[in-house]
Trainee: 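A single structure is presented below for examination.
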Amino acid sequence: MKYNGQTVDLPPEAEEVAGFYGAMIDTEHAKDATFNKNFFDDFLKILKKYPPKNGVKITKFELCDFRSMFDHFEAEKTKKKSMTSAEKKTAKAAKDALEAPYTHCTLDGRKEKVGNFRVEPPGLFRGRGDHPKKGALKLRVRPEDITINIGKDVPIPTPNVPGTWKEVVNDNTVTWLANWVENVNGNYKYVFLAAGSSIKGQSDWTKFEKARELKKYVDQIRNDYNDALRNKNMGERQRATAMYFIDKLALRAGNEKGDDEADTVGCCSLRCEHVTLEPPNKLVFDFLGKDSIRYYNEVAVDEQVYKNIRIFKNGKNPEDELFDRVNTGALNRHLASYMKGLTAKVFRTYNASLTFQDLLDRGTPEKGTVQEKLNAYNHANRMVAILCNHQRAVPKTHEQSMGKMRDKLRGLKYERMKLRHALFAIDAKYKKDKRYKEPESDLDDDAIATHEDNLKAKELEKAEKKFQKDNEKAAEDGKEPQDESVLKEKLKEIEADYKRLKKERGTEKHVLKREKPTEKIEEAIDKLEEKIKTFKLQMEDREAGKEVALGTSKINYLDPRITVAWCKEHGVPVERLFSKTLMTKFPWAMEVDMDWKF
DNA sequence: ACATAGACTTGGAAAAATGTTT
DNA sequence: AAACATTTTTCCAAGTCTATGT
C-alpha cells in the first residue's frame, strides 16, 4: 500500500489487515463512514504492534492508498478464472482431499456430516444495516480459543495447526462439536452437524409437529386475545394487541437489542414511530426488522386494535416503546400456559405452513400440465414469503432478462399474426371471425420491422455458418469445397423471403412457406395462444417475484411433508422442487402419503 | 422478576456449480 | 468452449428462546 504517495513496507501481520480492506475498496462497505472508522481504528492498533519496516507513520485514513493491493487481488481472481477446466478440476480435487478428514464425524456409532467444519477466517466484520461495529477486525481463531466437545474416552483430535485446544469437554446434552467466542461482538460461534444429520432432522420434525399441535389451541388463544383487546389492564391489553400482530402479520417476537447492535425491531420492541394510524382503521407499519430488512405494510385492522394503538401512542414520543408493558419473555410465558413449548416463533411456522397448504389445496389446477402445477406451487411459496417478509435484492440481470422475454413474447405474437394472415389470404371470411380479427397487442409496424430484421440477420448468419461447416466437413472427407456461389444463392433466397415479408406488411395477407389446410392453421393458432398465455404468466411471475426470496420459507417454514404429499397427489417429481441438499435435509418427510395434510 | 450466558434457528449475500446460448 | 444466466450451496450474521444465577 501507499501512504501519502509513499510506499509502505508492512510486516505480514499488518499487511494482512490492510489487504482485508484493500480487497474491498470497490464495495459499498468502503463508502460507509462507520465501516471505515472501525477498520482504521483497528488497523492503527495492529500498526502499533507491527509498524511499517520503512518507518512510515500512518495516522490518517484519507492518506491511505490500497489500490495496489486491490489490483493484486483482482489479478489473482483473473488468474484463477483463466485456469482451464481441467486445472480447476485438479485444484478442486486437491482441496476436497485436504478437507476430507474434517467433513464427517461419528455420533453414537453413525457417520454424520458436519456443517461448518471450517473455522471462520479473520477479516473485517460485515455487519448488516447500520451496525455500529461494522468494519472492525475479526481476529484469527486459534486452537487456544476453541473448545471441542467429544465423546468420553475418545482420543482427542490434534489441531491441524500448531497449538492446543482451549478445553476438551464431553457434554452430550448439547449438539455442538466445537465453539469459540468471536472477538467483535463477543458472540459464541459453533460447529454443528449439517442440516441433513439425524439430530437436525429430529429437531426439524419436532418443530413442525409443535406447529401442528398449535391447531388444537389456536381458536382458544384467538378468542382470548380478542377479548383481552378490551381488557381494563393496559398490560394485558398491550399483550393481546402484540399477539394479534404476531398471529395476523407473522411478526417476529422482537427481543430487546443493545446500543452496540444495529437498531432493528420486532413486535415487542416496536416503537411509536414505527406504526402510524390512518383512519378509519388502517395501520401503516414501517420499520427495520431482522438483517435491517424494511417491513412496510399498510393493513386494515380490527377496530379495537386500531383504538388500542391510538391509546398506546397517546402522550408518548416517537422513540418510545409502543408496548412498554410487554416483553418477549412474558409473552412467551403466557403462550406456554396454553401449550407446552409454545412461543411467538411457532406462530410464524404455523401460519406459514397452514397458508401454504391452503393455497396449494385451492390453487393447484387438477388437469394442468406439470409446468402449470409448478407455477401454482411457486405462487403459494411466494405468498408465504411475502407474509414472512423474505426479501432479496433485485437480481442484477433482471431488467435484461425481462427485456429478452418481452422480445420473445413479441416473436410469438408475430407468429400468431402471420398465421392469422395466412387464414385471411385463403378465405376472407376469417377476417370477420372474432377469434381472429383482433390484431395482436404490442406489435406495431416498427416492432414488426425490427423483428423481421432480427430474424433475417439470424438466418443469414446461420446460412453462412452452415456453409463454412459443410466445407470443413468436405475438406475432412477429402472432398472439394462447395463453390462460393452456393452460399450466395442461399443468401439471395433469404433476402428474397424477407423482401416478400416486407411487401406483405399492412396487407393482412400471408403465404406460408409450407402450405397448410385451414384446419391445421387454426390448430396451430390455438397452440400458439396457449404458449403465449403460459409465457405471459411466466413473465408476470418473474416480475412479481423479483424482490421476493423463496428459499428461506422453503428451508425453514414450510413443512416439507406438505410438498411431498402434494407432489404425490399431483404427479410432480419432488426433485423439481427440492434441491439435492433439501432432499437430504428432509428424509423424514419423504414417506408421507398423498392425502397427508399439515 | 430480571439479566446474562449459551445454544440453537433463521436470513440475505456471495461464491460455486450448473444450465443455456453463442 | 467460452460467455452468460440461473440455481444451489456456503458463509456467517442476526435473530429466538431457555437455563441459570441473583
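Each chain gets a letter, A, B and so on, in the order the sequences are listed, and its residues count up from 1. Since this is a predicted model, take the numbers as computed values, not measurements.
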Trainee: Under the side chain to side chain donor-acceptor pair (under 3.5 Å) rule, collect the residues that match up with A/K31, sequence neighbours excluded.
Mentor: A/E28

Trainee: Base, sugar-phosphate, or nothing: which does A/G115 touch, judged by heavy atoms less than 4.0 Å apart?
Mentor: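 No contact.
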
Trainee: In whole angstrom, give the distance that lies between atom CD of A/E87 and atom C1' of C/dA2.
Mentor: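 After rounding, the gap between these two atoms is 15 Å.
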
Trainee: With a 4.0 Å limit, can you tell me whether A/S203 has a side-chain N or O closer than that to the phosphate oxygens OP1/OP2 of B/dC8?
Mentor: no

Trainee: In whole angstroms, how far is the C1' atom of B/dT10 from the CG atom of A/L582?
Mentor: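 The distance from CG of A/L582 to C1' of B/dT10 comes to 14 Å, rounded to the nearest Å.
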
Trainee: What string of B, S and - do you get for nucleotides 11-22 of chain B 5' to 3' if you count protein non-hydrogen atoms under 4.0 Å?
Mentor: BBS---S-----

Trainee: C/dA1 P sits how many Å from A/K81 NZ, rounded?
Mentor: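 Distance, rounded to whole Å: 18 Å.
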
Trainee: Polar atoms only, N or O, under 3.5 Å: list the protein pairs with nucleotides 17-21 of chain C and their distances.
Mentor:
from   : atom 1 : to     : atom 2 : distance (Å)
C/dC17 : OP1    : A/T343 : OG1    : 2.7
C/dC17 : OP1    : A/A344 : N      : 3.3
C/dC17 : OP1    : A/K345 : N      : 2.6
C/dC17 : OP2    : A/N332 : ND2    : 3.0

Trainee: Quick one: on DNA chain C, does A/C267 or A/Q400 contact a more 5' nucleotide (nearest heavy atom)?
Mentor: A/Q400

Trainee: Give me each pair satisfying salt bridge (Lys or Arg N to Asp or Glu O under 4.0 Å) with a member in residues 183-202 of chain A, each pair once, sequence neighbours excluded.
Mentor: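 Non-adjacent pairs meeting salt bridge (Lys or Arg N to Asp or Glu O under 4.0 Å): A/E120-A/K189.
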
Trainee: Which nucleotide in the set B/dT10, B/dC8, C/dA13 lies at the smallest distance from any side-chain heavy atom of A/W176?
Mentor: B/dC8

Trainee: When you check the phosphate oxygens OP1 and OP2 of C/dC11, does a side-chain N or O of A/R118 lie under 4.0 Å from one of them?
Mentor: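 Checking C/dC11 against A/R118, a side-chain N or O does come within under 4.0 Å of OP1 or OP2.
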
Trainee: Rounding to an integer number of Å, can you tell me how far A/N185 CG sits from B/dT4 C1'?
Mentor: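 After rounding, the gap between these two atoms is 16 Å.
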
Trainee: Which sits closer to the 5' end of DNA chain B, A/I555 or A/V181, going by the nucleotide each is nearest to?
Mentor: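 Its nucleotide being nearer the 5' end, the pick is A/V181.
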
Trainee: Using a 4.0 Å heavy-atom cut-off, does A/R542 contact any base of the nucleic acid, only the sugar-phosphate backbone, or nothing at all?
Mentor: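 Since only primed, P, OP1 and OP2 atoms lie under 4.0 Å of A/R542, the category is sugar-phosphate.
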
Trainee: Does anything in residues 385-404 of chain A pair up under salt bridge (Lys or Arg N to Asp or Glu O under 4.0 Å), and if so which pairs, sequence neighbours excluded?
Mentor: A/E399-A/R406

Trainee: Distance check: side-chain N/O of A/T264 vs OP1/OP2 of C/dG15, anything under 4.0 Å?
Mentor: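 Checking A/T264 against C/dG15: at least one side-chain N or O falls below 4.0 Å of OP1 or OP2.
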
Trainee: Can you check whether A/K166 reaches A/R142 side chain to side chain, under 4.5 Å on heavy atoms?
Mentor: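 Not touching, per the 4.5 Å side-chain cut-off.
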
Trainee: Would you kindly give the OH-to-C1' distance between A/Y190 and C/dA13, to the nearest whole Å?
Mentor: 15 Å

Trainee: Could you tell me whether A/D286 and A/R294 make a salt bridge, using a distance below 4.0 angstrom between a side-chain N and a carboxylate O?
Mentor: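 So A/D286 pairs with A/R294 through a salt bridge.
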
Trainee: CG of A/D171 versus C1' of B/dC8: gap in Å, rounded?
Mentor: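 Value for this atom pair: 14 Å.
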
Trainee: How do A/T397 and A/K138 order along DNA chain C: which one's closest nucleotide is nearer the 5' end?
Mentor: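 With A/T397 and A/K138 compared, the 5'-side residue is A/T397.
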
Trainee: Do A/T264 and A/K257 have a side chain donor and acceptor closer than 3.5 Å?
Mentor: yes

Trainee: May I ask you to verify if any side-chain N or O of A/K257 is less than 4.0 angstrom from the OP1 or OP2 atom of C/dG15?
Mentor: yes

Trainee: Does a nitrogen or oxygen in the side chain of A/S85 sit under 4.0 Å from OP1 or OP2 of C/dA1?
Mentor: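 So the side chain of A/S85 is outside the cut-off, no N or O lying under 4.0 Å from OP1 or OP2 of C/dA1.
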
Trainee: Measure NZ/A/K88 against C1'/C/dA1 and give the value in whole Å, please.
Mentor: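 Atom NZ in A/K88 sits about 11 Å away from atom C1' in C/dA1.
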
Trainee: Can you see if the side chain of A/K189 gets near the phosphate of C/dC11 - specifically, an N or O under 4.0 Å from OP1 or OP2?
Mentor: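 So the side chain of A/K189 is outside the cut-off, no N or O lying under 4.0 Å from OP1 or OP2 of C/dC11.
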
Trainee: Under the side chain to side chain contact (heavy atoms under 4.5 Å, CB included) test, which residues partner A/D453, sequence neighbours left out?
Mentor: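 Scan of A/D453 (side chain to side chain contact (heavy atoms under 4.5 Å, CB included), adjacent residues dropped) gives none.
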
Trainee: A/K134 NZ to C/dC12 P: how many Å, rounded?
Mentor: 18 Å

Trainee: Which residue pairs pass the salt bridge (Lys or Arg N to Asp or Glu O under 4.0 Å) test when at least one of the two sits in residues 373-385 of chain A, sequence neighbours left out?
Mentor: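 Listed once each, the pairs are A/R382-A/D541.
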
Trainee: Sequence neighbours left out, what passes ring pair (Phe, Tyr, Trp, His ring centres under 6.0 Å) with A/F285? Give chain and number order.
Mentor: A/F245

Trainee: List for me each residue that meets side chain to side chain contact (heavy atoms under 4.5 Å, CB included) alongside A/K133, sequence neighbours excluded, and say none if there are none.
Mentor: A/F125, A/H131, A/V184, A/N185, A/D260

